[in-house]
Amino acid sequence: MTGSGETERMRLAAPIVGDAEIEAITRVMKSGNMAQGPETAGFETEFATWCGAPHAVAVSSGTTALHTALLAHGIGPGDSVLTTPFTFIATANAILMAGARPLFADINPADFNLDPAKAEQAIEPDTKAIIAVHLYGQAADLGALRSLASDRGLILIEDACQSHGARFEGDMVGLTGTACYSFYPTKNMTTGEGGIMTTDDEEADARARMIRSHGSRIRYHHEILGYNYRMTDLAAAIGRVQLTRVDEFNDRRRRNAERLTEALKGIPGLETPRELAGRRHVYHQYAVRIKPDFPLDRETFQKELAANGIDSDIHYPVTVTRQPLYDGMGVWPELPEAQTAAAEVLSLPVQPGLTVDDMDRLAESIRRIIS
Ligand SMILES: *Cc1c(COP(=O)(O)O)cnc(C)c1O
């Protein structure tokens, strides 16, 4: 990128793992206990402490955390669950997995998250829960969504799979209620594959522990239908190390994002992401909008970036309601803000392995590409 021919590709995501993670998995391998055990229990306690939630139940992925959370709150056939159409498919699929009916409301274009006023209009008589996604690392409007949920007697589940450490009015997301996190390698912290459900509801905690392990509390006694959604101790051991580093990773993401926003100022048709008042954005993705007055179309721009050694991606090019899986299920509302976002967004690299100098080089490359 610098012309020296020696600069590495600027990758969108690159998990940072070091000797401490390697030592941790070696410790587990030598212990002879690789499935769910003491490391998982330790990780749960440490994660709950870190995010301020009373309980944490580690599971095999963010998807299984969402499925577990819905089941733990008793949601199933005959219920509908409202969510955003502008998210990774797992959010909505968890509703289908629970046997419930998904409903969608449009997003607020300022934060790409569920618009509370539109969510209110989309509630139906059988609606039991809302899944709010904190997309790209910025919290949804939790104030309004929490009031809406409590006014209408709904359960609010936060999909925090992209927002470990994000804050709303000073509080960590998921501080109250139930939240789900993913530890996939592209996320703000990783366990390889893995997820966790946090909750302040003792009963939901107890049910989730059963659901992740074939509905049993006592070995070989099965009270309800459950699954094998357990986290391995290998994954948990990695997670315990990553948890000590995630704050620093997020600080670096924020520092890179701030620098990139500064360096991209004044480019026509390129709208940089905004951190809304009272929120702490952890930049799982740094998603710009490519507006019609940008000199190139999004596809050409992406190709030019790639030719300059810069990875980019679209999160997400197709809204949930326009996915083939959902297309045949019903007549969905138009959701124009979500459709516009899907047509305009482009994620640029700000991951913690990159430096502020990389951000300057990235901005210079963009200016060169469009000149
Ligand atoms: C990654 C992600 C998930 C699913 O997590 P997995 O660990 O990949 O199953 C769910 N929702 C959102 C918003 C995500 O980004």
Side-chain angles (χ1 to χ4, degrees), residues 12-13 15 40 43 47 56-71 81-98 102 104 107 111-114 129-140 142 145 156-166 173-174 178-198 208 211-212 227-232 234-236 238-239 242-243 246 250 253 273 281-287 313-321 323 325-326 338 341-342 345 347 351:
L12 209 54
T40 303
F43 181 48
F47 194 86
V57 184
V59 291
S60 54
S61 71
T63 306
T64 57
L66 287 162
H67 185 203
T68 300
L70 289 168
L71 298 178
V81 178
L82 178 65
T83 193
T84 167
F86 196 55
T87 181
F88 180 56
I89 198 73
T91 313
N93 281 2
I95 300 168
L96 298 179
M97 289 160 72
F104 300 93
I107 60 166
D111 64 6
F112 299 100
N113 290 322
L114 204 52
I130 299 174
I131 304 181
V133 179
H134 307 312
L135 200 72
Y136 303 146
Q138 175 150 246
L142 276 175
L145 289 168
L156 179 66
I157 294 170
E158 295 172 49
D159 180 340
C161 287
Q162 303 190 357
S163 57
H164 320 62
V173 298
T178 296
C180 299
Y181 294 82
S182 164
F183 304 119
Y184 189 72
T186 58
K187 311 288 172 157
N188 294 42
M189 60 175 281
T190 188
T191 63
E193 292 270 12
I196 208 163
M197 182 196 99
T198 61
I211 290 159
R212 77 167 163 191
Y227 301 85
N228 176 357
Y229 283 173
R230 292 182 300 268
M231 177 176 272
T232 67
L234 286 167
I238 299 169
Q242 288 272 300
L243 190 59
V246 66
N250 283 340
R253 287 178 183 274
H281 198 321
V282 292
Y283 294 98
H284 170 63
Q285 297 296 350
Y286 181 96
D313 209 346
I314 299 165
H315 302 99
Y316 296 90
V318 181
T319 60
V320 174
T321 49
Q323 294 290 348
L325 172 62
Y326 286 81
V345 292
S347 300
Q351 42 96 355

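Order of appearance sets the numbers: ligands from 1, and atoms from 1 within every ligand.
More than 12 heavy atoms of other shown residues, nucleotides or ligands fall within 6.0 angstrom of atom OH in Y316.
Applying side chain to side chain donor-acceptor pair (under 3.5 Å) to Y326 and the options N93, T321, T319 leaves one that passes, N93. Here the options are T91, V320, L135, the test is side chain to side chain contact (heavy atoms under 4.5 Å, CB included), and the partner is F86; only L135 passes.
Considering only residues two or more places apart in sequence or on other chains, R212 meets the salt bridge (charged side-chain N to carboxylate O under 4.0 Å, His left out) condition with E44.
Using the six-membered ring where Trp is involved, F47 and F183 have ring planes that are perpendicular, over 60° apart on the 30 and 60° scheme.
Looking at every heavy atom in both residues, L325 comes nearest to L96 through CD2-CD1, 4.2 Å.
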Tabulating one pair per line, provide the atom names and distances (0.1 Å) for every N/O atom of ligand 1 that is less than 3.5 Å from a protein N/O atom.
residue	atom	partner	partner atom	Å
ligand 1	5 (O)	S182	OG	3.3
ligand 1	7 (O)	G62	N	2.8
ligand 1	7 (O)	S182	OG	2.6
ligand 1	9 (O)	G62	N	3.4
ligand 1	9 (O)	T63	N	2.9
ligand 1	9 (O)	T63	OG1	2.5
ligand 1	11 (N)	D159	OD1	3.4
ligand 1	11 (N)	D159	OD2	2.8
ligand 1	15 (O)	Q162	NE2	2.8
ligand 1	15 (O)	K187	NZ	2.7

